[in-house]
Every structure is written in C-alpha cells, then in structure tokens.
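Read the structure below first, then the notes.
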Amino acid sequence: MTVCDAPGKVYLFGEHAVVYGEPAVPAAIERRATVSAEPRGDDHVRVEAEDLSLDGFTVEYAGGTEVRPDVDVPTPLVEAAMGYVDAAVRQARDAANAPDAGFDITVESDIPLGAGLGSSAAVVVAGIDAATRALGNPLEPRELADRAYHAEYEVQDGQASRADTFCSTMGGAVRVEGDNCEPIDAPNLPFVVGFDGGAGDTGELVAGVGKLREEYAFAADTVTAIGDIVRTGEDLLADADPGGDPSPATLEELGELMDFNHGLLAALGVSARSLDTMVWAARDAGAHGAKLTGAGGGGCIVALDPSDQTETALSFTQGCEVTFRASLATEGVRVVEP
Ligand SMILES: Nc1ncnc2c1ncn2[C@@H]1O[C@H](COP(=O)(O)OP(=O)(O)O)[C@@H](O)[C@H]1O
Ligand SMILES: C[C@@](O)(CCOP(=O)(O)O)CC(=O)O
Ligand SMILES: [Mg+2]
C-alpha cells in the first residue's frame with residue numbers, strides 16, 4: 001500500500017480572478033489530506049472516504065459497512081461526491097499507461113470540504129501521487145501538478161485554475177498566472193482561519209463570476225483590479241525576509257490589500273453573510289486584514305494576526321464554528337508510506 005499526503009491552502013490574494021488569467025498567490029497550510037492506494041487484482045476502484053460530508057449529507061464507505069459502492073458504477077450522488085477521487089484515478093491510470101488498473105483507495109483529511117481550503121486539490125494531488133507510485137510510476141512534481149489540474153478542470157466543467165493543485169503539490173507560497181506556476185519566497189505569515197461550518201459550490205460560484213464578467217464591463221474591471229492587488233502584494237512579499245517574521249509595516253500593508261481583495265470578491269457576489277461577519281469580527285479584533293478564501297459562498301476566511309486576539313474573537317463570533325491558526329506548510333505532497 002502506498003500512502004501520500006498533500007496540504008490544503010489559503011489564498012492570500014487572487015482567487016476567481018486567476019480563472020481569467022490574472023495572477024494569484026495561494027499559500028499551503030498544515031492541514032492535509034492523506035490518500036492510500038493499493039493496487040487490486042481486478043479493474044475495480046473501491047473508495048473509503050470517511051470524512052466525505054457535504055450539504056449535510058454524509059457518504060460513509062467505512063470498512064465493515066456494506067454500503068461500499070464502486071466508483072465505476074456510480075449513482076448520481078456518489079458521482080458528485082466522488083468526482084475528484086474518480087478523476088485522480090483516471091489521471092493515474094493514464095500516467096502509468098495502465099487503463100485497467102484497479103485500486104483500493106482510502107481518503108482521510110483534516111481539511112474541511114468545500115470550504116475554500118483546497119480539500120479537492122489536496123485529495124487529487126495526494127491521490128494521483130499515491131496511485132502512480134503504487135503502480136511503480138512516480139511522477140515529477142510538475143507533471144503531478146499538471147495532471148491534478150486536469151483532474152480539477154474536468155470535475156469543475158472546464159473552470160479551474162492551476163493555483164490550488166500547484167500549491168498543494170509544491171507547498172509554500174506560489175504564484176500562478178495562467179499556465180505559469182512558480183514557487184515564491186514568503187515571510188512566515190500569521191494566518192488565522194475562521195470556518196462557518198458550511199460549504200460553497202466551486203463550479204457554481206466560478207460560473208456566477210463568469211456571467212457577471214460577461215454582462216458588465218465593470219465586473220470585468222473588478223477582476224482586473226483583483227489582479228492589480230496581487231501584483232502589489234507580491235512586491236511586498238518579495239521585499240520581506242523569506243521565512244522570517246514580517247515587519248509590522250509589511251503586515252499592515254498586506255492586510256490592507258486583503259481587505260480590498262475581500263471587498264472586490266464581495267462585489268462579484270461570492271461572499272456570504274457568515275463570511276462577512278467573520279471578516280468584520282477579525283478586523284474588529286485587530287487583525288491586519290481579513291478576506292474570504294477560495295471559492296466563497298460559505299466556508300472559510302483568512303486573517304492576518306500574530307496575536308491571539310483574532311482567534312479568541314472568532315471563537316465567540318456567532319456563525320463561526322471553528323477557528324484555528326494555520327502555519328505555512330513548507331512541504332507540499334509527501335510520501336508517508338512508499
Ligand atoms: N476527505 C475527502 N474525501 C473524499 N473526497 C473529498 C475529501 N475532501 C474533499 N473531497 C472532494 O472535494 C470536494 C470539495 O472540493 P471543492 O468544492 O473544490 O472545495 P475545496 O477545494 O475548497 O475544499 C468534495 O465534494 C469531494 O468531492
Ligand atoms: C475560485 C477558484 O479560484 C479557487 C477555488 O478554491 P477552492 O476550491 O474553494 O479551495 C477556482 C480555481 O482557481 O480553480
Ligand atoms: Mg477545490
């Protein structure tokens with residue numbers, strides 16, 4: 001059995017706009033999805049995904065339960081829930097030139113699902129890595145990231161950027177603009193995450209921004225303005241001490257840009273009352289800045305605060321179910337068991 005894990009991420013800046021060719025800067029965080037893959041003697045794929053719960057529905061394929069559907073004979077619900085795992089298996093089969101390879105797959109994750117922390121990318125990256133290694137065909141990081149992107153692209157109906165999957169593969173902070181993906185230096189940013197317990201539908205939210213962008217020139221300008229924020233923010237990161245603690249002035253300015261970015265995302269219709277409430281609670285508590293992260297609609301916000309105040313305030317904020325400090329994951333995908 002081969003086991004790999006891969007981190008989730010927060011967006012410092014640039015989600016949604018990145019889908020239209022603007023740059024984005026996501027940063028990997030120490031919350032991981034762990035996927036194990038064991039080749040089978042037949043061409044079936046059996047998936048145990050114990051944490052799979054979305055919109056109040058929980059799919060449990062835990063060992064011993066008789067309801068263990070094969071993903072190659074899916075009901076629509078299983079198909080929706082298992083789409084990313086299924087796409088990862090297809091990529092692994094293709095990469096290893098083993099179209100009939102079967103697997104027993106298990107997924108365990110401490111990344112909330114559909115909440116903007118890139119659970120889908122982490123599952124796909126760790127899944128492709130584990131499955132290709134199990135077939136004796138390990139991939140170079142860039143090929144792995146590319147295949148993971150294609151898996152997300154397929155599941156999200158052609159509306160995905162390379163940002164989540166490249167970040168999860170490489171770890172650290174990265175910059176993605178169209179097909180150009182590069183790791184970048186970043187200081188040790190004091191991320192605090194607030195989670196409303198909910199989820200957003202990435203495909204639907206991305207499509208909503210796309211529609212606005214076609215309908216209104218000012219919505220297209222808003223997307224471009226998000227790109228300008230990213231370009232300003234990456235200069236700040238480049239000037240900071242890599243891996244060191246950022247100066248108060250740098251935090252202040254990064255925070256201001258995050259606040260601006262959140263406002264523009266809200267204008268594009270992807271925030272939610274719960275996200276706005278958490279953003280304001282963080283700002284009121286003294287965070288340097290706060291914004292939603294990922295697709296939005298519900299899920300997580302990320303704030304910058306080296307003190308405990310934002311975490312404490314969020315823990316008392318109605319509508320915030322979970323809050324935690326998220327440290328930068330310098331390592332991307334890893335082999336846990338070869
Ligand atoms: N632990 C898990 N087990 C199985 N599938 C998962 C797991 N975590 C995430 N996924 C897949 O990823 C989807 C959520 O991805 P997405 O909507 O892009 O949100 P995000 O990437 O922000 O978490 C889930 O519906 C599921 O298909
Ligand atoms: C909205 C988007 O920019 C980020 C989605 O992030 P997440 O899946 O919500 O973590 C879409 C994408 O880049 O593929
Ligand atoms: Mg995702």
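Just so you know, ligand 1 is whichever comes first in the structure, and atom 1 is the first atom listed for that ligand.
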message: Heavy atoms only, cut-off 4.0 Å: how does Val107 contact ligand 1, side chain, backbone, both, or neither?
response: side chain
- request: Give a yes or no on whether Glu38 atom CD has more than 12 heavy-atom contacts from other residues, nucleotides or ligands under 6.0 Å away.
  value: yes
query: In terms of side-chain geometry, is the basic nitrogen of Arg90 or Asp94 positioned less than 4.0 Å from the acidic oxygen of its partner?
result: no
field: Gly114-ligand 1 polar pair, N/O distance under 3.5 Å
entry: yes
- prompt: Which one of Cys181, Pro26, Pro183 satisfies the side-chain contact (heavy atoms from CB on, under 4.5 Å) criterion with Cys167?
  reply: Pro26
- prompt: Looking only at side chains, do Ser120 and Glu152 share a donor and an acceptor under 3.5 Å apart?
  reply: yes
query: So does Arg325 pair up with Asp305, basic N to acidic O under 4.0 Å?
result: no
- request: Please determine if Glu182 and Arg142 form a salt bridge, counting it only when a charged side-chain N lies under 4.0 Å from a carboxylate O.
  value: yes
task: With heavy atoms of Ser109 as the reference, note each atom of ligand 1 found under 4.0 Å away.
output: 1 (N)
message: I'd like to know if Asp110 and Arg32 make a salt bridge, using a cut-off of under 4.0 Å between side-chain N and carboxylate O.
response: no
field: Salt-bridge contact Asp228-Arg231 (side-chain N to carboxylate O under 4.0 Å)
entry: yes
message: Quick check against the 3.5 Å criterion: does Ser247 have a side-chain atom that pairs as donor or acceptor with the backbone of Thr250?
response: yes
- prompt: Has ligand 2 got any nitrogen or oxygen that is less than 3.5 angstrom from a nitrogen or oxygen of Ser120?
  reply: no
query: Is any N or O atom of Ala163, backbone or side chain, closer than 3.5 Å to an N or O atom of ligand 2?
result: no
message: At less than 2.8 Å, would any N/O/S atom of Ser119, backbone or side chain, sit next to the Mg ion (ligand 3)?
response: no
field: Nitrogen or oxygen atoms of His16 and ligand 2 under 3.5 Å apart
entry: yes
message: Could you work out, for atom 14 (O) of ligand 2, the closest of Gly203, Ser161, Ala121, Gly299 by heavy-atom distance?
response: Ser161
task: Can you sort out which atoms of ligand 2 are near Ala160, meaning under 4.0 Å from one of its heavy atoms?
output: 14 (O)
field: Proximity winner for atom 24 (C) of ligand 1, if only heavy atoms of Ile105, Leu113, Val155, Val47 are counted
entry: Leu113
message: Closer than 4.0 angstrom, basic N to acidic O: yes or no for Arg334 and Glu331?
response: yes
query: What are the atoms of ligand 1, with element, lying closer than 4.0 Å to any heavy atom of Leu117?
result: 22 (O)
- prompt: For ligand 1, which atoms sit closer than 4.0 Å to a heavy atom of Pro112?
  reply: 23 (O)
query: Considering only heavy atoms of Thr202, which atoms of ligand 2 have at least one such atom less than 4.0 Å away?
result: 8 (O), 9 (O)
- line: The answer for which part of Ala115 has a heavy atom under 4.0 Å from ligand 1 is backbone
- prompt: For ligand 2, which atoms have a heavy atom of Lys9 less than 4.0 angstrom away?
  reply: 6 (O), 7 (P), 10 (O)
message: Quick check with a 6.0 Å cut-off and a 45 degree axis cone: is Arg46 positioned over the face of Phe103's six-membered ring?
response: no
Atom pair OH/CD of Tyr149 and Gln91 - distance to nearest 0.5 Å: 11.5 Å
message: Starting from atom 4 (C) of ligand 2, what is the nearest protein heavy atom, named by residue and atom, and what distance separates them?
response: Tyr11 OH, 3.6 Å
query: Gly116 near ligand 1, heavy-atom distance under 4.0 Å?
result: yes
message: So does Pro187 get a backbone contact from the side chain of Asp241, meaning a donor-acceptor N/O pair under 3.5 Å?
response: no
statement: Quick note on ligand 2: atoms under 4.0 Å from a heavy atom of Val18 include exactly 3 (O), 13 (O)
query: Under 4.0 Å from any heavy atom of Gln156, which atoms of ligand 2 are there?
result: 14 (O)
field: Min heavy-atom dist Ala33 to ligand 1 below 4.0 Å
entry: no
field: Shortest reach to atom 7 (P) of ligand 2 by a heavy atom, considering only Val209, Asp164, Leu113, Thr293
entry: Asp164
N or O pair under 3.5 Å between Ala295 and ligand 2: yes
